[in-house]
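Worksheet: the structure to be examined is printed underneath.
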Amino acid sequence: MSYKAPRGTRDIFGINVLKMNLLELKAREVFKKHGFEEVKTPIFEEASLFTRSIGQATDIVEKEMYIFEDKKGRKLALRPEGTASLARAFVEHRMDISNPVGRFFYIGEMFRYERPQAGRYRQFHQIGAEFYGNSSPTADAEIIVLAKDLLAAIGIDKISVNINSLGCEKCRPFFKEVLVKYFESLHNLCQDCQRRLKTNPLRLLDCKIDSYKFTEIPKISSCLCNSCKDDFHSVQSLLKSIGCAYTVDEKLVRGLDYYTRTIFEICSDMVGSHDAIAAGGRYDNLVKEIGGPNIPAVGFALGSERVLIAAQNIGFFNNFKGPEKIFIAIADQELLNNAFAFAMKIARYGFKGNKDISVFGPVNDKNLTSQLKFADKMQASKTIVFAREEFNKGKLLIKNMKNRTQEEVSISDV
Ligand code: HAM
């Protein structure tokens with residue numbers, strides 16, 4: 001019997017782990033500059049947290065959640081996203097009191113039972129940020145800029161930013177009414193659309209099957225209340241003020257129900273699919289709805305896998321190698337202890353000033369040729385050989401494994 005990773009999951013190893021680490025490192029740097037603090041939440045939560053936050057009539061809740069019962073019969077779910085988890089942690093720990101700035105970020109695995117394809121997995125990684133306690137459009141604009149800066153830090157600067165406003169609890173019901181009237185005037189809607197027309201009419205705007213029928217969709221902009229209109233104008237003028245290009249996409253609704261007012265998606269041609277690489281928006285009612293204080297919030301998340309595909313296709317990783325691999329070999333078994341001490345020293349302090357190294361060896365193998373073969377196999381760029389004659393003169397042999405040259409260096413020089 002042989003095992004494979006479950007469908008839609010991937011083992012990430014070798015250079016791909018280093019690329020993901022680099023993305024996370026860059027993200028942490030950008031977050032630090034904007035004053036965001038890291039939070040780690042559990043990978044599973046009470047299932048009802050997601051059902052309630054993301055919305056019953058959404059793809060995630062209807063079709064994609066990994067739900068299970070623990071031994072005491074508690075209904076739990078692997079987190080499909082980070083916003084609800086962070087809001088739960090924010091409320092549980094009264095972070096509004098302990099952290100009045102309210103800026104948090106998270107990095108971690110998410111789980112959705114989706115149909116796998118390039119850049120779409122059942123277990124994937126998100127890097128996300130949530131900004132609590134600020135209802136000003138500056139917070140919306142900062143979140144969009146933050147997402148953009150993070151992508152730019154990994155070489156992705158040709159992107160399209162699509163934005164829309166979903167209005168608030170005052171004006172959205174009016175838009176929903178207008179939408180329902182419009183959709184009811186159409187015939188032969190797919191089954192999902194017919195069902196969602198009753199439960200969540202906004203979702204129809206996302207339908208992949210019927211979208212070609214929706215030629216004259218009512219515009220949400222004409223239904224927004226004055227306060228939402230002003231708010232959306234301010235977000236746009238803030239984006240313009242810092243030269244952040246965007247397109248208003250009135251069909252954009254997002255697949256999660258907690259949003260209010262500004263929503264956005266960021267796409268790149270370099271992923272090979274139309275799926276967004278990052279997305280987010282404002283959700284002013286979520287904290288209150290899950291039992292917390294009335295605190296507005298706005299945030300975003302990017303999908304690490306999609307971002308890495310785009311960065312790869314752009315050529316960001318063309319010269320990316322990872323640390324220099326150095327192998328320590330022994331031509332004389334009696335030098336094992338010296339070679340070992342040397343290996344530990346350069347692992348700690350670096351080799352000839354280079355600290356970005358990985359040290360391997362020495363191994364207990366009498367045969368130098370087989371040690372060198374091993375060094376080749378593990379793609380060492382250098383092998384440092386401890387040989388008796390040179391060692392007695394205080395020297396080591398350094399073999400360049402690429403061009404097969406070698407040089408003698410004094411032990412005291414490295
Ligand atoms: P989302 O649009 O569902 O939003 O996901 C955000 C990003 O996660 C997507 O743009 C995509 O890059 C990545 N992603 C989603 N599903 C998959 C998948 N199956 N495979 C690979 N990547 C995927 C949210 O999750 C919201 N929580 C974002 C947010 C934060 N809104 C406010 N704060």
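Each ligand, and each atom within it, is numbered from 1 in the order the structure gives. Because the structure is a prediction, the values reported are computed rather than measured.
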Checklist entry - Any side-chain donor-acceptor pair under 3.5 Å between Asp257 and Thr58? => result no
Item to check | Salt-bridge contact Asp192-Lys63 (side-chain N to carboxylate O under 4.0 Å) | outcome: yes
Next on the checklist: Looking only at protein heavy atoms, which one is nearest to atom 4 (O) of ligand 1, and what is the separation?
Outcome noted: Arg254 NH2, 2.9 Å
Checklist entry - Looking at side-chain heavy atoms only, is the closest gap between Ile12 and His125 below 4.5 Å? => result yes
Checklist entry - Has ligand 1 got any nitrogen or oxygen that is less than 3.5 angstrom from a nitrogen or oxygen of Arg120? => result no
Checklist entry - Looking at Phe300, which atoms of ligand 1 are within less than 4.0 Å of one of its heavy atoms? => result 29 (C), 30 (C), 32 (C), 33 (N)
Checklist entry - When you measure from atom 13 (C) of ligand 1 to every protein heavy atom, which one gives the shortest distance, and what is it? => result Gly303 CA, 3.5 Å
Checklist entry - Looking at Ala276, which atoms of ligand 1 are within less than 4.0 Å of one of its heavy atoms? => result 9 (C), 10 (O), 11 (C), 12 (O)
Next on the checklist: Within ligand 1, which atoms have a heavy atom of Glu114 less than 4.0 Å away?
Outcome noted: 16 (N), 17 (C), 18 (C), 19 (N)
Checklist entry - Would you say Arg306 contacts ligand 1, with heavy atoms under 4.0 Å as the rule? => result yes
Checklist entry - Is the shortest heavy-atom distance from the side chain of Tyr258 to the side chain of Glu289 under 4.5 Å? => result no
Checklist entry - Considering only heavy atoms, does Pro80 approach ligand 1 within less than 4.0 Å through its side chain, its backbone, both, or neither? => result neither
Checklist entry - Can you find an N/O atom of Gly82 closer than 3.5 Å to an N/O atom of ligand 1? => result no
Next on the checklist: Heavy atoms only, cut-off 4.0 Å: how does Leu256 contact ligand 1, side chain, backbone, both, or neither?
Outcome noted: side chain
Next on the checklist: Cation-pi check for Tyr121 against Arg10: NZ or CZ below 6.0 Å from the six-membered ring centre and within 45 degrees of the axis, yes or no?
Outcome noted: yes
Next on the checklist: Using a 4.0 Å cutoff against the non-hydrogen atoms of Gln126, which atoms of ligand 1 qualify?
Outcome noted: 5 (O), 6 (C), 7 (C), 8 (O), 24 (C), 25 (O)
Checklist entry - To which protein heavy atom is atom 14 (N) of ligand 1 closest, and what is the distance rounded to 0.1 Å? => result Phe124 CE1, 3.5 Å
Item to check | Proximity winner for atom 26 (C) of ligand 1, if only heavy atoms of Tyr113, Tyr121, Tyr258 are counted | outcome: Tyr258
Checklist entry - On the ring face of Tyr349, is Lys355 found with NZ or CZ under 6.0 Å from the centre and within 45° of the axis? => result no
Checklist entry - So do Tyr182 and Leu186 actually touch side chain to side chain, heavy atoms under 4.5 Å? => result yes
Item to check | Check: Tyr283 N/O within less than 3.5 Å of ligand 1 N/O | outcome: no
Next on the checklist: Could you walk me through whether Phe183 and Phe214 satisfy the ring-ring contact (aromatic ring centres under 6.0 Å, His included) test, starting with their C-alpha distance in whole Å, then the side-chain angles of each, then the deciding distance to 0.1 Å, before giving a yes or no?
Outcome noted: CA-CA 8 Å; Phe183 288 127; Phe214 306 156; 4.9 Å; yes
Checklist entry - Considering the options Asp140, Thr260, Asp231, which one meets the side chain to side chain donor-acceptor pair (under 3.5 Å) requirement together with Arg282? => result Asp140
Item to check | Salt-bridge contact Arg103-Glu37 (side-chain N to carboxylate O under 4.0 Å) | outcome: no
Checklist entry - Should you measure from each heavy atom of Gly119, which atoms of ligand 1 turn up under 4.0 Å away? => result 20 (N), 21 (C), 22 (N)
Next on the checklist: For the CD atom on Gln406, are there more than 12 heavy atoms of other groups (residues, nucleotides or ligands in this structure) within a distance under 6.0 Å?
Outcome noted: yes
Item to check | Within-cut-off N or O pair, Tyr259 and ligand 1, under 3.5 Å | outcome: yes
Checklist entry - Does even one non-hydrogen atom of Met110 get within less than 4.0 Å of ligand 1? => result no
Next on the checklist: Would Ala278 count as a contact residue for ligand 1, given that I'm defining contact as a non-hydrogen atom of the residue lying under 4.0 Å from a ligand atom?
Outcome noted: yes
Checklist entry - What protein heavy atom is closest to atom 27 (N) of ligand 1, reported as residue, atom name and distance in Å? => result Glu81 OE1, 2.5 Å
Item to check | Steps toward ring-ring contact (aromatic ring centres under 6.0 Å, His included) verdict (Phe327, Phe374) | outcome: CA-CA 9 Å; Phe327 185 71; Phe374 180 75; 5.5 Å; yes
Checklist entry - Tell me: protein heavy atom nearest atom 30 (C) of ligand 1, and distance? => result Thr83 OG1, 3.0 Å
Next on the checklist: Within the 4.0 Å heavy-atom shell around Ile277, which atoms of ligand 1 are there?
Outcome noted: 10 (O), 12 (O)
Next on the checklist: So if I apply the salt bridge (charged side-chain N to carboxylate O under 4.0 Å, His left out) rule between Asp376 and each of Lys382, Lys402, Arg404, which one comes out positive?
Outcome noted: Arg404
Checklist entry - Which of the atoms in ligand 1, numbered in the order shown and given with their element, are less than 4.0 Å from a heavy-atom of Glu130? => result 30 (C), 32 (C), 33 (N)
